[in-house]
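Each remark here refers to the structure printed beneath this line.
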Amino acid sequence: MANTYDGLGKVEQVPVVADECWQAMTDVTKAKVFAVCMATSEDESEIVVEKTFAWEEQGNWTNLEEHIAAIDQHSRWIVVNLPYVTVGGGKRNKCVFITWVPDTITRPSMRESVRIKFNGVGHGGPLRKQAAADGVTMYQANDRDDIGMWTVLDKVSKFERDEVDRTSLACLLSSAE
């Protein structure tokens with residue numbers, strides 16, 4: 001755990017990012033894996049890889065969304081490689097860094113709830129800086145609607161000249177959708 005100052009003269013303990021996180025993020029940006037979900041360790045001393053999602057899984061986005069939505073009392077940081085095609089035929093491969101801080105986080109005291117939410121946003125800083133350096137789009141999600149594939153896709157593709165061919169993403173969804 002590293003010490004930083006909060007600007008008010010108080011020392012704050014910030015978790016150290018494990019080396020496996022840097023490698024996992026690189027694997028996502030190089031399209032070796034579909035997504036990686038990172039979390040703080042139980043003692044909040046480091047950020048570690050919680051789960052990696054391989055390309056071979058059918059319904060990749062559905063699996064990822066279900067995994068994230070099930071985590072309603074903790075923050076997570078997710079990097080996703082989102083391939084799509086525009087209606088003009090342009091192939092794109094965009095990466096998005098999702099900071100997951102659900103509104104449903106509750107603790108015995110309001111102060112502890114706020115601390116957990118603040119840490120979710122703040123402790124991902126080193127990960128966000130690296131992702132930004134790699135050209136990854138930043139996105140904060142606070143409820144299940146925010147992590148739907150179409151919502152995230154709209155965020156990543158908002159500067160496209162052509163519309164996204166939504167049928168090009170069918171392979172990322174389970175057959176139930």
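These numbers come from the heavy atoms of this one structure, side chains and all, not from hydrogens, waters or symmetry mates. Index from 1, following the sequence.
To the nearest 0.5 Å, the span separating CD1 on Ile147 from CH2 on Trp100 amounts to 4.5 Å. The OG1 atom of Thr104 lies 10.0 Å from the NE2 atom of His74; values are rounded to the nearest 0.5 Å. Atoms NE2 and OG1, from His123 and Thr99 in turn, are 13.0 Å apart once rounded to the nearest 0.5 Å. Atom CG in Asn81 sits 10.5 Å away from atom CG in Asn60 (nearest 0.5 Å).
Applying the under-4.5 Å side-chain rule to Ile, Leu, Val, Met, Phe, Trp and Tyr, the cluster around Met110 extends to Val114. Side-chain contacts under 4.5 Å among hydrophobic residues (ILVMFWY), followed directly or transitively, place Trp22 together with Val17, Met25, Val28, Val33, Val36, Met38, Ile47, Val49, Trp77, Val79, Phe97, Leu127, Val136, Met138.
Note on Met149 and Val87: separate hydrophobic clusters, where clusters join Ile, Leu, Val, Met, Phe, Trp and Tyr whose side-chain heavy atoms are under 4.5 Å apart, directly or indirectly. Under the 4.5 Å side-chain heavy-atom criterion for ILVMFWY residues, no single connected hydrophobic cluster contains both Ile98 and Val121. Under the 4.5 Å side-chain heavy-atom criterion for Ile, Leu, Val, Met, Phe, Trp and Tyr, Val85 and Phe34 are members of distinct hydrophobic clusters.
Under the salt bridge (Lys or Arg N to Asp or Glu O under 4.0 Å) criterion, the residue pairs touching residues 119-144 are Glu65-Arg144, with sequence neighbours excluded. Sorted by first and then second residue, the salt bridge (Lys or Arg N to Asp or Glu O under 4.0 Å) pairs with a member in residues 25-37 form an empty list; sequence neighbours excluded. The stretch residues 80-93 participates, sequence neighbours left out, in these salt bridge (Lys or Arg N to Asp or Glu O under 4.0 Å) pairs: Arg92-Glu160. Listed by first and then second residue, the ring-ring contact (aromatic ring centres under 6.0 Å, His included) pairs that reach into residues 124-149 come to none, sequence neighbours excluded.
Under the salt bridge (Lys or Arg N to Asp or Glu O under 4.0 Å) criterion, Lys155 pairs with no residue at all, not counting sequence neighbours. Applying the salt bridge (Lys or Arg N to Asp or Glu O under 4.0 Å) rule to Arg115 yields the partners Glu44, Glu112; only residues at least two apart in sequence or on another chain are considered. Legend: residues meeting salt bridge (Lys or Arg N to Asp or Glu O under 4.0 Å) with Glu20, ordered by chain and number and at least two apart, are absent. Residues passing the side chain to side chain contact (heavy atoms under 4.5 Å, CB included) test with Asp154 are Arg166, sequence neighbours excluded. For Ser75, the side chain to side chain contact (heavy atoms under 4.5 Å, CB included) partners are Val101, Ile105, not counting sequence neighbours. Looking at residues two or more places apart in sequence or on another chain, you find a salt bridge (Lys or Arg N to Asp or Glu O under 4.0 Å) between Arg76 and Glu50.
Ile78 has its side chain within reach of Ile68: a pair of non-hydrogen atoms, C-beta onward, lies under 4.5 Å apart. Using a 4.5 Å cut-off on side-chain heavy atoms (C-beta onward), Trp61 and Leu82 make contact.
Judged by distance alone, with hydrogens and angles left aside, the side-chain atoms of Ser41 form no donor-acceptor pair with the main-chain N or O of Val48 at under 3.5 Å. For the pair Thr86 (side chain) and Asp162 (backbone), a donor-acceptor distance under 3.5 Å is absent.
Taking each heavy atom of Asp146 and Asn142 in turn, the nearest pair found is OD2-N, 2.8 Å. Closest approach of Asp43 to Ser45, counting heavy atoms only: OD1-OG, 2.7 Å.
Atom CG of Asp103 sits in a crowded spot, with more than 12 heavy atoms from other residues, nucleotides or ligands closer than 6.0 Å.
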